**Student:** 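This is the structure I have questions about; it appears just below.
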2 protein chains.
Amino acid sequence: MAALELFVTRGFAATKLADVARAAAVSKGLPYLYFKNKEELFKAVITEAIGGPLAEATDMIDRFEGSSEDLLRGLIAGFRTFEESPAGGVVKLILAEAGNFPDVARFFCTHFDARGRHLFARVLRRGTESGEFAPIADIETTAIVIVQPLAMFSVWRRSLAPFDASNNLTSDRFYEAHLDFVLKSLRP
Amino acid sequence: MAALELFVTRGFAATKLADVARAAAVSKGLPYLYFKNKEELFKAVITEAIGGPLAEATDMIDRFEGSSEDLLRGLIAGFRTFEESPAGGVVKLILAEAGNFPDVARFFCTHFDARGRHLFARVLRRGTESGEFAPIADIETTAIVIVQPLAMFSVWRRSLAPFDASNNLTSDRFYEAHLDFVLKSLRP
DNA sequence: CTCGGTATTGACTGACTGGTCAGTATCCAT
DNA sequence: ATGGATACTGACCAGTCAGTCAATACCGAG
């Protein structure tokens with residue numbers, strides 16, 4: 001959806017519905033035949049952007065069989081493809097607008113944030129139990145520490161990256177360094 | 001400044017100057033005697049919020065003598081006090097509004113983002129050269145991977161945290177897990 | 001107390017934008 | 001062809017808010 005891109009780059013309040021309409025090559029009134037108002041459009045855009053990728057990710061995990069390290073790699077790779085799709089912008093969008101849209105924030109928390117963290121925690125638990133990873137004092141929080149760079153990179157790429165003069169950080173380099181760093185920390 | 005808090009929780013566009021004035025217990029017109037317009041106020045708020053803490057941090061580093069691990073701890077602790085001060089909200093604010101305020105974004109990049117990363121990279125280099133840390137393939141990018149959870153946590157605390165049902169993550173637990181994780185990865 | 005100057009106010013305006021709706025285009029079944 | 005149903009348009013309205021400025025409060029010196 002064209003609306004998503006505008007919301008991501010400009011924010012909710014600064015995005016004019018006339019612009020959304022123009023970007024989608026329709027008239028100003030058309031969106032109102034499908035969405036009650038701007039806020040409903042916003043919610044629809046977000047839930048649509050999250051829904052698909054989330055479903056894919058969960059059953060990818062459920063069906064997985066192999067080493068915990070490979071599962072971790074798979075999970076991160078999965079996040080990357082989501083992040084690099086147009087839908088990846090929702091993370092930034094939601095973090096920015098959470099205060100103004102409590103129910104969107106809550107929805108995102110339970111259906112994406114918490115679930116995503118849980119998946120990583122599960123992998124860590126699996127790995128430590130099998131002895132593949134070293135023991136971890138606080139698994140839930142460690143999962144957060146692992147996920148946060150991914151989320152942050154997603155946000156950064158869509159906000160500061162274009163303005164960073166010393167911008168020689170490619171996605172490849174980042175994901176490589178991240179995985180390297182994480183695995184070093186996890187191995188016994 | 002009262003304006004900062006409003007900007008952080010609501011975003012730039014959604015913050016009415018009348019509210020800023022009310023929060024500061026002055027009349028609606030007063031800010032215009034000190035700032036040309038809303039955008040100038042915004043820039044002033046940000047530069048003020050960043051300026052002080054940044055100066056402190058840099059000369060804290062310059063004067064430091066001791067082990068690299070302690071320096072790293074000091075750096076993170078410094079970030080935490082900044083993060084927990086009212087000024088900590090600028091990170092979220094800038095990430096959200098970078099697209100609408102290119103020059104603010106550029107200013108933040110050069111004076112805070114890049115410099116902060118550089119400090120961490122310096123510590124890593126110092127540690128690897130002295131043999132205190134294991135060799136690191138890509139120091140600059142690794143520094144980013146270390147800093148990002150800190151930045152993300154700052155954003156998260158001010159956006160999703162209040163809506164997260166399973167919200168038993170305290171700052172203490174987070175910083176502890178982060179430091180533990182990082183040091184595990186760095187040690188030879 | 002008075003006067004000059006300065007700091008502050010808050011009603012007002014002009015521009016902008018979310019939302020409406022009477023009207024037009026398109027399409028399909030008969 | 002034609003009637004009607006459906007999809008879409010864009011001029012218009014009403015509300016909102018950044019920004020202005022004439023009027024007022026305040027203060028310090030003489």
Side-chain angles (χ1 to χ4, degrees), chain A residues 1-49 86 89-90 92-108 159, chain B residues 1-49 86 89-90 92-108 159:
Chain A
M1 183 76 96
L4 177 62
E5 198 179 335
L6 286 172
F7 281 140
V8 169
T9 55
R10 302 187 191 179
F12 174 77
T15 299
K16 295 170 247 183
L17 268 195
D19 291 344
V20 173
R22 184 141 31 88
V26 296
S27 78
K28 191 171 168 303
L30 187 56
Y32 288 97
L33 299 178
Y34 298 92
F35 308 100
K36 214 177 89 235
N37 53 33
K38 193 182 175 187
E39 186 168 333
E40 290 302 320
L41 169 66
F42 183 68
K43 292 182 192 174
V45 163
I46 287 182
T47 49
E48 191 208 8
V90 283
K92 177 191 162 188
L93 190 50
I94 286 173
L95 288 172
E97 306 290 349
N100 299 111
F101 301 95
D103 42 347
V104 172
R106 244 183 307 269
F107 178 85
F108 182 82
S159 56
Chain B
M1 184 76 95
L4 177 63
E5 198 178 336
L6 287 172
F7 282 140
V8 169
T9 55
R10 302 186 192 179
F12 174 76
T15 300
K16 295 172 247 183
L17 267 195
D19 291 343
V20 173
R22 184 141 30 86
V26 296
S27 76
K28 191 170 169 303
L30 188 56
Y32 287 97
L33 300 177
Y34 297 93
F35 308 101
K36 214 178 87 235
N37 52 34
K38 194 183 175 186
E39 187 168 332
E40 289 301 319
L41 169 65
F42 182 69
K43 291 182 190 173
V45 162
I46 286 182
T47 48
E48 191 208 8
V90 283
K92 177 190 161 190
L93 190 51
I94 286 174
L95 288 173
E97 305 290 350
N100 300 111
F101 300 96
D103 43 347
V104 172
R106 244 183 307 268
F107 179 84
F108 182 81
S159 57

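What you see is a predicted model, and the numbers here were worked out from it, not measured in a lab. Scope of the values below: all heavy atoms of this structure, side chains included, with no hydrogens, waters or symmetry mates. Each chain gets a letter, A, B and so on, in the order the sequences are listed, and its residues count up from 1.
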**Student:** Short of 4.0 Å, heavy atom to strand atom, which residues of residues 33-40 of chain A count as contacting DNA chain D?
**Tutor:**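 Close to the strand are L33(A), Y34(A).
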**Student:** For F12(B), does its backbone N or O pair with a side-chain atom of K38(B) as donor and acceptor, under 3.5 Å?
**Tutor:**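 At least one qualifying donor-acceptor pair exists.
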**Student:** Name the nucleic acid region contacted by K16(A), choosing base, sugar-phosphate or nothing; use a 4.0 angstrom heavy-atom cut-off, strictly under.
**Tutor:**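 Result for K16(A) = sugar-phosphate.
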**Student:** Would you call K43(B) and I46(B) a side-chain contact if the rule is heavy atoms closer than 4.5 Å?
**Tutor:**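 No. Closest side-chain heavy atoms not under 4.5 Å.
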**Student:** So where does chain A start and stop touching DNA chain C, 5' to 3', when the test is distance under 4.0 Å to a non-hydrogen atom?
**Tutor:** dT17(C) to dT20(C)
**Student:** Would you say that L93(B) contacts F42(B) through its side chain, given a criterion of any heavy-atom pair below 4.5 Å between the two side chains?
**Tutor:**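 The answer is yes; the side chains approach within 4.5 Å.
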**Student:** Going by side chain to side chain contact (heavy atoms under 4.5 Å, CB included), T15(B) matches just one of V20(B), T9(B), V8(B), L41(B). Which one?
**Tutor:**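 Considering V20(B), T9(B), V8(B), L41(B), a side chain to side chain contact (heavy atoms under 4.5 Å, CB included) with T15(B) is found only for V20(B).
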**Student:** Tell me, with the steps shown, if R106(B) and D103(B) meet salt bridge (charged side-chain N to carboxylate O under 4.0 Å, His left out).
**Tutor:** CA-CA 5 Å; R106(B) 244 183 307 268; D103(B) 43 347; 5.8 Å; no
**Student:** Please figure out whether L30(A) or L17(A) has its closest DNA chain C nucleotide nearer the 5' end.
**Tutor:**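 The residue whose closest nucleotide sits nearer the 5' end is L17(A).
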**Student:** Do D19(B) and L6(B) make a side-chain contact, defined as non-hydrogen atoms from C-beta onward lying under 4.5 Å apart?
**Tutor:**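 In contact.
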**Student:** Of the nucleotides dT9(D), dG19(D), dA11(D), which one has an atom closest to the side chain of K28(A)?
**Tutor:** dA11(D)
**Student:** Locate the shortest heavy-atom distance separating A44(A) from T47(A); write the atom from each residue and the value.
**Tutor:**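 So the minimum-distance heavy-atom pair works out to O-OG1, 3.1 Å.
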**Student:** Quick check: do L4(A) and E48(A) have side-chain heavy atoms less than 4.5 Å from each other?
**Tutor:**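 The answer is no; the side chains never approach within 4.5 Å.
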